[in-house]
Amino acid sequence: TQSTRPQRLLGAVQKNATRGDPRSVVKAIDHFCRNQEWAMNVGDEKGCILDSVVSEVNPATVLELGTYCGYSTVRIASLLPPHAKLITLEFNPDFAAIARQVIAWAGLEHKVQLVEGASGDWIPKMKEQFGVETFDLVFLDHWKDRYLPDTHLMEECGLLRKGSVLLADNVICPGTPDYLEFVRSSPRYKSQYFKSHLEYTKVEDGLEKSVFLG
Ligand SMILES: O=C(NCCO)c1cc(-c2ccc(F)cc2)cc(O)c1O
Ligand SMILES: [Mg+2]
């Protein structure tokens, strides 16, 4: 039976990365995606921007929407302080199964809670299920048409505080026009665009960093 691309990506990690070494996991995935098969990880170029925002925010609580194979989960979790928590939501069970193994290979299970299901269902349950007050950082990288409704939902559920940072992938490609228009025009957000490229390509893409002003 045929393997899937996520399964082949996991194989590349298990073959080429060192257990317990997050940087080697990131390097192995980037090498696989550049040389064998493109995959929709945030990638190395946008990944460096992600790293700098994570380091600047130094978050105690992080929400990632869209785990895929766990590439950005590993990048973020490897930069978190000792007792910080990252909750990552993934709708696709096949992606989630691969991501769990990638995160485990990196030795980061203790920092990461991977939740399977729809963001729209789980966001309202965050406080009661995971004892979360508010998120210091949210990385949006899931279905592009869910960025805006989920941002409204996070506000309504009191999951954002003054200074919470939203960092959104793919605001140009595939694009999130309604989200971009909202965060750039709303008086409740201070937005900034980080121009980059679609992972492993020369196509323009970028990250939008938006600070919630309360
Ligand atoms: O759909 C995406 N993520 C949610 C599902 O896990 C996604 C898609 C693409 C992409 C795909 C096809 C193409 F032609 C161009 C871009 C890129 C990304 O970074 C992404 O996050
Ligand atoms: Mg993406």
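Counting convention: from 1, in listed order, for ligands and their atoms alike.
Comment: Asp136 engages Arg161 in a salt bridge, judged by a side-chain N to carboxylate O separation of less than 4.0 angstrom.
Residue contacts with ligand 1, taken as heavy atom pairs separated by less than 4.0 Å, involve Asp141 via backbone and side-chain atoms alike. Using a 4.0 Å cut-off between heavy atoms, Leu198 contacts ligand 1 through its side chain alone, with no backbone atom that close. For Asn41, no heavy-atom contact with ligand 1 is shorter than 4.0 Å.
Under a 4.0 Å criterion applied to the non-hydrogen atoms of Trp38, ligand 1 contributes the atoms 10 (C), 11 (C). Atoms of ligand 1 lying under 4.0 Å from any heavy atom of Glu199, numbered from 1 in the order shown and given with element: 17 (C), 18 (C), 19 (O). Less than 4.0 angstrom separates some heavy atom of Asp169 from each of these atoms of ligand 1: 19 (O).
Among the atoms of Asp169, an N, O or S atom is found under 2.8 Å from the Mg ion (ligand 2). Taking 2.8 Å as the threshold, Asn170 counts as a candidate ligand of the Mg ion (ligand 2), since one of its N, O or S atoms lies below it.
Side-chain N or O atoms of Lys85 include none that pairs as donor or acceptor with a backbone N or O of Phe130 at under 3.5 Å.
Counting heavy atoms from C-beta on, the side chains of Lys46 and Leu207 come closer than 4.5 Å.
Scanning the protein for heavy atoms near atom 5 (C) of ligand 1, the closest one is Met40 CE, 3.8 Å.
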